[in-house]
Student: 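The structure that follows is given in the form of structure tokens.
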Amino acid sequence: MKKIRLYFHLTLFFVSIFACAKPAQSEAAAASQNYTLPPGSPVQRYGALHVSGRYLKDQHNNTITLRGQSFGWSTWWPQFWNPGVVNWLTDDFKTDIVRAAMGIDVKPAYLNDRARQLALLKKVVDAALAKGSYVIIDWHCEAFHREEAVAFFKEMAKTYGHHPHILYEIINEPNKTQTWEQVKAYAAAVIAGIRAYDPDNIIIVGCPHWDQKIREVADAPLTGYNNIMYTVHFYAASHGQWLRDDCAYALSKNIPVFVTECNGSEATGSGRIDYPQWEAWFSFLESNQVSWINWSVSDKPNELCSILLPGAPANGGWTASQLTESGKYIRAKLRGYSTRK
Ligand code: IDC
């Protein structure tokens, strides 16, 4: 009996040492990956993230707001998935975080073009590790593909989970055919897979109706896990005050929200840009310390949410005349909010 108690105390001792050792662990992770965190980079500054109540916290337990830019689908804009773009976004757009939106079930995408998609993802994630940028690994689809998702995220957690840079977005947008209960069941399976290898990086969960039913989340969130956030996606010309009200409801119930995708356009990605509504969203996000990411690094002709004009170079270094109107707007926004000058 005494022996068992001794083992118990010893285990507790080592667990607590391990828990306190997170910054040292980041250095060890850096060494094992052969990178050093650039001084002043987002990850060097904020380190390992965690969630407390509705807030995102850094390694010093300060509340932080991360702002960034999403890559476009790996399916149609693979040319931009390279270190040059990660570096340019971090240095010139002053992003804290990028989002790797890997296509899953269209063509070509992860389920039918695995090796190439994984190679693209690796390029972006490795570049983010070296640059000291946070990066979201995003399962960019609406359907669950549960078995494949669990296997994929286990692999990602095993490979990258020891780096503080990594966040997991386990489903881009459930649509209106999936209930919140079904999303929760899917999330439980994927979270278990990730947590088997990565005990603490942030996991972001979507909600029904293209990440708009945040009220349903607020009324019945997942329980029993650490460092979970929920995403809301908005397109300001389609989703206005009512969605901000629903977010406010969730925040009032201590639900941690991370807007992993948004733009000023309509939900189609085009139509028109509603600047007053977009601004109303920025005020809302900033005053509530909700992190957000703009959609997307793509150069689709005439698409308002694409940040690039056709012909923009594939590896960053973009001039103003290579950015779209929304690209210029978001660049100025990100630079304006950034405390990294
Ligand atoms: C859009 C792209 C567009 C592409 C389309 C394919 O901008 O070029 O043809 O996907 O489905 C989302 C999705 C995101 C969409 C975006 C704009 O997460 O994949 O990208 N959007 O429609 N949710 C709401 C809007």
Side-chain angles (χ1 to χ4, degrees), residues 68-81 85 97-113 117 120-121 124 136-145 149 167-178 183 204-214 229-240 242-244 246-247 257-274 277-278 281 285 291-312 314 323-327 329-330:
Q69 179 62 45
S70 182
F71 280 80
W73 290 75
S74 56
T75 300
W76 296 296
W77 293 282
Q79 69 272 32
F80 297 116
W81 287 52
V85 170
I97 184 163
V98 295
R99 174 175 183 253
M102 185 175 66
I104 304 302
D105 56 10
V106 293
K107 280 192 178 161
Y110 177 76
L111 296 179
N112 52 59
D113 181 35
Q117 299 296 316
L120 289 170
L121 182 66
V124 166
I136 296 184
I137 298 176
D138 167 33
W139 189 251
H140 202 80
C141 63
E142 297 183 0
F144 294 132
H145 304 291
L167 296 84
Y168 309 92
E169 184 169 355
I170 63 175
I171 182 162
N172 173 41
E173 293 177 347
N175 57 32
K176 58 183 176 185
T177 67
Q178 294 133 299
V183 177
I204 303 169
V205 179
C207 59
H209 220 273
W210 301 280
D211 294 339
Q212 290 159 35
K213 296 285 185 187
I214 193 68
M229 299 187 84
Y230 301 92
T231 193
V232 168
H233 289 179
F234 74 80
Y235 284 76
S238 298
H239 315 120
W242 62 271
L243 190 53
R244 287 192 291 280
D246 287 357
C247 287
V257 173
F258 193 136
V259 173
T260 58
E261 198 186 285
C262 58
N263 196 266
S265 70
E266 293 176 7
T268 56
S270 271
R272 72 197 166 96
I273 292 180
D274 189 328
Q277 281 295 331
W278 208 3
W281 271 106
L285 299 171
S291 298
W292 55 269
I293 295 179
N294 184 63
W295 178 260
S296 74
V297 180
S298 45
D299 64 351
K300 188 172 180 172
N302 305 317
E303 188 183 51
L304 296 184
C305 71
S306 284
I307 65 165
L308 301 172
L309 290 168
L323 299 177
T324 60
E325 185 182 308
S326 76
Y329 197 79
I330 204 67

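Counting from 1, the numbers follow the sequence of the chain as shown. Every number for a ligand or one of its atoms is a count from 1 in the order of the listing. Since the structure is predicted, the reported quantities are computational estimates derived from the model, not experimental observations.
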Student: Tell me if a side-chain donor or acceptor on Trp281 pairs with a main-chain N or O of Arg244 at a distance below 3.5 Å.
Tutor: no

Student: Are the side chain of Ser70 and the backbone N or O of Ile293 linked by a donor-acceptor pair below 3.5 Å?
Tutor: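 No; judged by distance alone, with no hydrogens or angles, the pair does not exist.
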
Student: If we only count heavy atoms from C-beta on, is the Thr231 to Glu261 side-chain gap below 4.5 Å?
Tutor: no

Student: Is it the case that the ring center of Phe71 lies less than 6.0 angstrom away from the ring center of Trp77?
Tutor: no

Student: Considering residues at least two apart in sequence or located in another chain, which fulfil the side-chain contact (heavy atoms from CB on, under 4.5 Å) criterion with Cys305?
Tutor: Asn263, Ser265, Trp295, Glu303

Student: Tell me if the aromatic rings of His140 and Trp73 count as close, with their centers under 6.0 Å from one another.
Tutor: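 Yes.
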
Student: Let me know which protein residues bring a heavy atom to under 4.0 Å of ligand 1; chain then number is fine for ordering.
Tutor: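 Its neighbours under 4.0 Å (heavy atoms only) are Trp73, Trp76, Trp77, His140, Asn172, Glu173, Tyr235, Glu261, Ala267, Thr268, Gly269, Trp295, Lys300, Glu303, Cys305, given by chain and number.
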
